[in-house]
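One structure below.
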Amino acid sequence: MTEKTIKIIKDFDIAQIADSGQCFRLNKREDGSYSLIARERYLEIVQQEEEITFFCEENEFREIWDSYFDLTTDYGAFKAQIESKDLYMQNACAYGRGIRILRQELWEMVITFIISQQNNIPRIKKCVESLCRAYGEKRTNFRNETYYTFPKPEALAGLGEEDLCSCSLGYRNKYIRKTADMVVSGGFDLYRLYDLNYEDARRELLKLCGVGIKVAECICLFALHHIDAFPIDTHIQKVLDRHYPEGFPFSKYQGFAGILQQYAFYYDVEGY
DNA sequence: GACCAGGGCCGGC
DNA sequence: GCCGGCCCTGGT
């Protein structure tokens, strides 16, 4: 086996996070634990109520996963700011109380959310996995099982028309090639985005091929951790139409609306 | 088999 | 700013 790091964490539910539509390589295993491939690593997680076991050394947990799972943020403080009269959000938050916004890798989120457009979650996972299998690096985990890292920009740049076809990406195929080419050629400085504020980062992201408003918002929220980013997809649009006919109270939730968006998304997809 | 929808975007007008 | 078209898959 491998080292374990055990923590007591409030407002954390690995199952809810896995199903919240923000990450696509966090999956339930047959024994009820969860496996995650991120940062070129393989991690397993077991949850028993508030006790979370991370199958890694304390060092690795402190340097990588503590931040990745946003564990030092007090989500109770956000929840306390939900207006008591905002019944829909009260319910959504109670339903998805263990959701946190992960700090995922920028390049991976760019490509993953290009793939996500006009697509559903199970198929997004399939597309991402086949992309990793075809262009990622092959690794072995502590169980001696094979896994694949997310492909680097260089691995996806300079591909021909037909190269990505095995991944069933459809018309997104072209977007991914063009975006990879822009990044690798130096025409787009991905890592400068970390220095920009939310609005500026979003405007820059729109320059990428296949990235519109919604995808840019997702990248801002899930990679750059601008928690005021508020992606509006078909589900959230439906929620807004049905439950906020007078408009969503953005002014009340300034600075963290993206977290509430995630409660609402999960509640709409998984709840009622 | 037809039709629709899925964490939308592009290009032409 | 609006709108048709778009790859592919799974569900009805």
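Nothing here was measured: the structure is a model prediction, and the numbers come from that model. Residue numbering restarts at 1 for every chain, and letters A, B, ... go by the order of the sequence lines. Side chains included, hydrogens not; waters and symmetry mates left out as well; all remaining heavy atoms used.
A/Leu71 and A/Trp65 make their closest contact through CD1-O, 4.3 Å (heavy atoms, listed as atom of the first residue, atom of the second, distance).
With hydrogens and angles disregarded, a donor-acceptor distance shorter than 3.5 Å links the side chain of A/Asp181 to the backbone of A/Gly158.
Nucleic acid contact class of A/Gln237 (heavy atoms, under 4.0 Å, all strands): none. Looking at heavy-atom distances under 4.0 Å, A/Val211 makes contact with sugar-phosphate atoms alone, never a base. Within the nucleic acid shown, A/Leu208 comes within 4.0 Å of sugar-phosphate atoms alone, with no base atom in reach, counting heavy atoms only. Nucleic acid contact class of A/Thr112 (heavy atoms, under 4.0 Å, all strands): none. Across all strands shown, A/Phe24 has no heavy atoms under 4.0 Å from either base or sugar-phosphate atoms.
A/Tyr266 has its ring centre less than 6.0 Å from the ring centre of A/Tyr95.
Where A/Gly210 and A/Gln118 meet DNA chain B, the nucleotide closest to each residue was compared, and A/Gln118 sits on the side nearer the 5' end. Of the two residues near DNA chain C, A/Gln117 and A/Lys126, the one whose nearest nucleotide lies more 5' is A/Gln117. In terms of position along DNA chain B, the nucleotide closest to A/Phe230 lies nearer the 5' end than the nucleotide closest to the other residue of the pair A/Leu206 and A/Phe230.
Pairs of residues two or more places apart, or lying in two chains, that qualify as salt bridge (charged side-chain N to carboxylate O under 4.0 Å, His left out) and include a residue from residues 101-128 of chain A are A/Asp70-A/Arg103. Under the salt bridge (charged side-chain N to carboxylate O under 4.0 Å, His left out) criterion, the residue pairs touching residues 16-30 of chain A are A/Arg25-A/Glu129, A/Arg29-A/Asp31, A/Arg29-A/Glu44, with sequence neighbours excluded.
Taking the centre and axis of the six-membered ring of A/Tyr244, the NZ or CZ atom of A/Arg242 falls outside the cone set by 45° and 6.0 Å.
Evaluation of atom-type donor-acceptor distances gives no pair under 3.5 Å for the side chain of A/Glu217 against the base of B/dG7.
On the P atoms, B/dG7 is 28 Å away from C/dG1, given to the nearest whole Å.
For DNA chain B, the neighbouring residues in residues 162-186 of chain A, judged by any heavy atom under 4.0 Å, are A/Tyr171, A/Tyr175.
In a base pair of the Watson-Crick type (N1 to N3 plus N6-O4 or O6-N4) or a G-U wobble (N1-O2 and O6-N3), with each distance short of 3.5 Å, C/dC7 is matched with no nucleotide.
Of the candidate nucleotides B/dG7, B/dG6, B/dG8, B/dG7 has the atom lying nearest to any side-chain atom of A/Gln261.
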